[in-house]
Each structure stands twice: as C-alpha cells, then as structure tokens.
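See structure below.
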Amino acid sequence: MENNVPRVRFAPSPTGFLHIGGARTALFNWLYARHNDGVFVFRIEDTDRTRSTDEYIAAILDGMKWLGLDWDEGPYRQTDRMDIYKKYIRKLIDEDKAYYCYCSPGELEQRRKEAAGTGGHMKYDGRCRERKTPVPDVRPVVRFRMPRDGKTVVEDLIRGNVAYDNAMFDDFIIMRSDGTPTYNFVVVVDDVEMGMTHIIRGDDHLNNTPKQIHIYRALGCNVPKFAHLPMILGSDKTRLSKRHGATSVQAYREMGYLPEALLNYLVRLGWSYGDQEVFSRDELVEKFTLDNIGKAAAVFNPEKLLWMNGQYMKDTPSSKLGELVMPFLVRDGILSEGHALDEEWLSRAIDTLKERAKTLVDMAKSLRYYIAEEVEFDEKARAKFLNEKSLPYLEDLRDAVSADDDFSERSLEEIFKAIMEKHDIKLRKIAQPVRVAMTGGTESPGIFEILDIIGKEKVIKRLEKAITMIKVS
RNA sequence: GUCCCUAUCGUCUAGCCUGGCCUAGGACAUCGCCCUUUCAAGGCGGUAACACGGGUUCAAAUCCCGUUGGGGACGCCA
C-alpha cells in the first residue's frame, strides 16, 4: 500500500477550556504519533453551534501551545466541512442506510420518560423506519439504520474485545432538523477523510464505538484501531469537575506550574514505565507505548502534581526560570511593567530559591523581598523576633556592615561570628531577627545568601528600619 | 432501569498476559530521626494494599465463576 504511517488526532469540542482530561488525551495521542513517527492531527469538533465559541477555540489552542503539543495538521473545524458531511448523509439516504424521522423532540422526550418509568429501554422505537411519505411542515432529522440483531465487537487495544448486542442500539440521529450533523456521524466521516489509523480517546466513548463501527461499514471504510483511555476522577471518585478545584490547563499555568511538570504528572495517570516517575519529554517519546496503559480510572492528586512541579523547578536553569517568573512578578505587583532586572542578579537570586519553591508563584512571592524597596512584615514574626532582646545584635550588625567595605559572604560570616562572641549567643539568636528584618518573615534561604543578594545598601536600610521599629514600639 | 468498563497501600502505580523469585516493590502524602541559622531541600527509617466469596492447582495478587464497590453510556451534547 501507499504507506502505513500512523495517524492519530485530538478532537476536543470548544465548549470549555482545555481541561486536565483533554490535555492527557492530547498528550497520549501526541506521544503515540511522535513515538511511531506518525502524524498528529488537531481537529475542533464544533458541530454544537449553540455551545461552541471562538473564545474556547482560542483557549484550547493556547493551552496546546503552552504544553508544547504541536500538531502536524489542522486545526480543522467541523463547521468548515459541512458540505462533506451532507454529501455522505445523502449517500446513506440514497442507499437506504439512513432515513428521515419526523418525531418531535417533545414526543421523544415523552416516550423516554415513560420507558424509564416502566423499566424499559430508553431508546427510539424506530417508528419512522419504514415511512415512505414526509409529514407536512415538519423538518425531519436523519436517523442511521442500525442492525437489529447480531453482535458488534469492538477490538480495543487497551481493553481487548468488547461485545455488544445490536438489539440494544436504536437508530440514532446523524443529522439534526436544522441540517447539521451529529457527533457519532461526523467523527467517523472526519476520521475516515483524515485517514486516522488509531483512535485514542477517553473511556466515555467506548459505548459509542459500536455505533461508529456501523457507520464505517455503511460507508464502506476500514475501521481504525481503538484505544480507550481510563478516565480521570476527582478525589471523591466522581468525574473530575470544578468542584474538585482547578481543572483547566490555564488555571495551572496561572498558578505557576511548568508545562513539562504538568505533562509528566498527567502521563503517569494511566501510563507507567516500571518505577520511574520523572521523564523528560524525549524520554517519554522514546518510551511511550499503548501497552503500558492501565485500565482503571485514576484519581487526580494535586499534591503529587505540586511535588512534580517542584522537581522541575529545581532542574530548570535559573536563567530560564528568570524569564518564566517575570510575568508573575508583574502580575502580582512585585515589579512594575517594563521595569527590567539585572539578569545575572536575578539568576543568582533564583539560585537560592529554586530548591524550595514549588511553583513560579511561590518563587515570585519570595523574590518580593529581594526586589521590593519596603519589606512587608508578617506581624507574628515581627513581634517574636524584632524586639528589645534582638535590638543590640541588630545595632551591632548595622554598625559592622556599614564599616565593611568588602560585604562578601566571608566578611559577613566574620561579622556574625564577632557579634556571637561578644554577646555569647548562638547564631540562631541573631539569624532569625536579621531574617525577619530582611524578608519580613521567618522563612528564607540561608542568611548569608540573602544578605548577599539584597546588597549592602538595602541591608543597612532594612536594619535601620527594624531598629527604628523596635525603638518606637 | 438496561448495557459496557473496572477493582493492589489514603492517592498514582509495579507485579497479573507467560501461576511459585511477592514475608507484594516504587512514588506522593503522612509519622519519626538525622542534617541545620529559619523554612524548605536532602539522607535514613516507620505506618499503610492484593475488595469479598467460591473454585482450578502441589502452589493464586496472578487463571475461572459469582457478589459487592466504583466509573461510564443510553441526547436533535461531544
């Protein structure tokens, strides 16, 4: 044959932001394509015109780009392809594989309710199946003629063979009365037209698959391979939703997560490679295969994601983190827009912070005390450490630092040592008050490190401020 | 209601296909200790799971059946 290049796709519907589950589906498809030197197609399923918006399309594109999931074809939009669908529907009607149905939504809803009440099947009864004449003044839908007996087997790469009794399916609608086609139909037409070889998607589509298989057959096309991914659930084991906290990719972006970390966390929801937890992108591409995917649904655990992000923060070069943290500094009012920082200085500051910061937001927050003119004090910390007791140490330190032309880590250590000896105290007695004077709080990198980063001038200023505060109170 | 999927520590998972190496391994979280100028990080150690019941077998987390739990689908949503 002409070729056997695997072709896969990610096909979200733009009725919301790119969420965690969608991102993972996209990731698995992307990895499959990259691992197998295949083609990754991006398609927007926007046939639901009432709920799809351009804003969401833009947001999903943005999310994909941020995650670095680049596509080889697309994005295709189904609303641009209506002529294609109409052509196929025409064909099915002409071949009597589909037919017009004149039942109104109200009638259908009514019958469904009755069926549910009496324990029967909630499916369309097929009453327009053999109708030869149109009902006047009614815009009909088009239904697909499903077989009434026999079985349909879905050969799933993850779940094995799954058999369905055809008797349980009804003749589903493939075209609405307004002339637009529906999901189960367009998805097949597009996957056929776009030459998809593998359909990797959420588990929630497994039950749709037999219907789609019959469409493939009716169209006279090859059925692709299917791989249905286990779902991602919230902490209470129900479908992941806003109730469980942030679910959109951009929300994590705004909380200061790194795309690589999010991807790494997501890939481990359902996929594993022995005991390994941390994978570079290249490693993932190299190691990803469908047979390491589990079958059971996974619970999304924000704490592990946070840990994962910390791992990536540590391993990201400080210069890179500097670039990444800039927007957060501006957003959180730590730096005014357009104000530049010395790159080398920022890098050094980040060196001291990246081991402890779990997110870019954390880092920005810590950077505040390096950058700001005025320290913001935590009241508890201030009360505990900036008081009469620490006053003499702070005064001594101010005097010594002012006289210290060197202001190196080494000279500072000497100064501290001298003060410790003079007052016969341990380092902690002086380090904590100084830390509070410098940062406003009790948590920070090593005391000599932060003095070095803050710089002599500001150090003296902050010591003065602390001393004044103690004296005034 | 009907159908489909699924089931190892609180959570993500390895092991299951090709039974014995499993007194079930790793990671997050948690607890304790160490390191220490704080908070982290790091190091060391601990608590913690084969859902249940039947089979098959010399032997079952691993194979079979059932039960229960969880999830999903049954739309003129995707």
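Throughout, a chain's letter reflects where its sequence line sits, starting with A, and its residues are numbered from 1.
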Could you list, one pair per line, each protein nitrogen or oxygen that sits under 3.5 Å from a nitrogen or oxygen of nucleotides 4-7 of chain B, together with the distance?
| residue | atom | partner | partner atom | Å |
| --- | --- | --- | --- | --- |
| B/C4 | O2' | A/Tyr164 | OH | 3.1 |
| B/C5 | O2' | A/Arg159 | NH1 | 2.6 |

What's touching nucleotides 62-70 of chain B from the protein side, N or O pairs under 3.5 Å?
none

Can you tabulate the close N/O pairs, meaning under 3.5 Å, that link protein atoms to atoms of nucleotides 14-18 of chain B?
| residue | atom | partner | partner atom | Å |
| --- | --- | --- | --- | --- |
| B/A14 | OP1 | A/Ser272 | OG | 2.8 |

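In summary, the aromatic rings of A/Phe185 and A/Phe144 are positioned with their centroids too far apart to meet the 6.0 Å limit. The aromatic ring centres of A/Tyr265 and A/Phe300 sit less than 6.0 Å apart.
A/Tyr370 is listed as a side-chain neighbour of A/Leu353, based on a closest heavy-atom distance under 4.5 Å. Looking only at side-chain heavy atoms (C-beta outward), A/Ile199 and A/Lys225 stay at 4.5 Å or farther from each other. A heavy-atom distance below 4.5 Å is not found between the side chains of A/Cys128 and A/Tyr100.
Side-chain atoms of A/Arg348 and A/Ser318 form no donor-acceptor pair, as typed in the model, at a separation below 3.5 Å. No hydrogens or angles considered: nothing links the side chains of A/His228 and A/Arg159 as a donor-acceptor pair under 3.5 Å.
Judged by Watson-Crick or G-U wobble contacts below 3.5 Å, the nucleotide B/G69 has B/U6 as its partner. Pair assignment for B/C63: B/G55, on the basis of Watson-Crick or G-U wobble contacts that are both within less than 3.5 Å. Partner assigned to B/A27 is B/U11, using Watson-Crick or G-U wobble distances below 3.5 angstrom. Remark: B/C77 base-pairs with no nucleotide in the shown strands. Criterion, Watson-Crick or G-U wobble with two distances under 3.5 Å. Across all strands shown, nothing is found opposite B/U18 as a Watson-Crick or G-U wobble partner with both distances under 3.5 Å.
Within the 4.0 angstrom heavy-atom criterion, no nucleotide atom of any strand lies near A/Pro12. Counting any heavy atom pair closer than 4.0 Å across all strands shown, A/Arg239 reaches sugar-phosphate atoms only and no base atom. As judged by a 4.0 angstrom heavy-atom cut-off over every strand, A/Lys314 is placed among residues touching the sugar-phosphate backbone only. Using a 4.0 Å heavy-atom cutoff across all strands shown, A/His228 reaches no nucleic acid atom at all. Base engagement by A/Ser104 is indicated by at least one non-hydrogen atom pair under 4.0 Å involving a base atom. Here A/Val141 lies in heavy-atom contact (under 4.0 Å) with a base. Nucleic acid contact class of A/Asn208 (heavy atoms, under 4.0 Å, all strands): base. No contact: A/Lys426 has no heavy atom under 4.0 Å from any strand. A/Arg268 comes within contact range of at least one nucleobase, with a heavy-atom separation under 4.0 Å.
A cation-pi arrangement, defined by a distance under 6.0 Å to the six-membered ring centre and an angle within 45 degrees of its axis, is present between A/Arg281 and A/Trp30. Judged by the 6.0 Å and 45° rule, A/Arg435 forms no cation-pi pair with A/Phe385. A cation-pi contact links A/Lys211 to A/Phe172, judged by a cut-off of 6.0 Å to the six-membered ring centre and 45° from its axis.
Salt bridge annotation for A/Arg129-A/Asp170: absent, with no cationic side-chain nitrogen under 4.0 angstrom from a carboxylate oxygen. In summary, A/Lys304 and A/Glu277 engage in a salt bridge, as defined by a charged side-chain N under 4.0 Å from a carboxylate O.
Atom-to-atom distance recorded for A/Ile470:CD1 and A/Lys389:NZ is 12.5 Å, nearest 0.5 angstrom.
The nucleotide whose nearest atom lies closest to any side-chain atom of A/Met231 is, among B/U38, B/G72, B/C76, B/G72. Listed nucleotides: B/A27, B/A73, B/C77. Nearest to the side chain of A/Asp204: B/A73. Distance from the side chain of A/Glu443 is smallest to B/U38 among B/U38, B/U37, B/A78. Listed nucleotides: B/U37, B/U13, B/U11. Nearest to the side chain of A/Asn301: B/U11. Among the nucleotides B/C12, B/A73, B/G75, the one closest to any side-chain atom of A/Asp170 is B/G75.
Residues A/Tyr102 and A/Tyr265 each lie close to RNA chain B; by heavy-atom proximity, the contact nearer the 5' end of the strand is made by A/Tyr265.
Proximity of A/Lys304 to the phosphate of B/U13: no side-chain N or O atom is located under 4.0 Å from OP1 or OP2. Applying the 4.0 Å criterion to OP1 and OP2 of B/U11, one finds that A/Ser235 has every side-chain N and O outside that range. OP1 and OP2 of B/G72 both lie 4.0 Å or more from every side-chain N or O belonging to A/Arg201.
The base of B/C76 does not come close enough to the side chain of A/Thr182 for any donor and acceptor atom to sit less than 3.5 Å apart. Contact annotation: side chain of A/Glu277 to base of B/G26, donor-acceptor pair present below 3.5 Å. Judged by atom type and distance alone, A/Arg435 reaches the base of B/U37 through a side-chain donor-acceptor pair under 3.5 Å.
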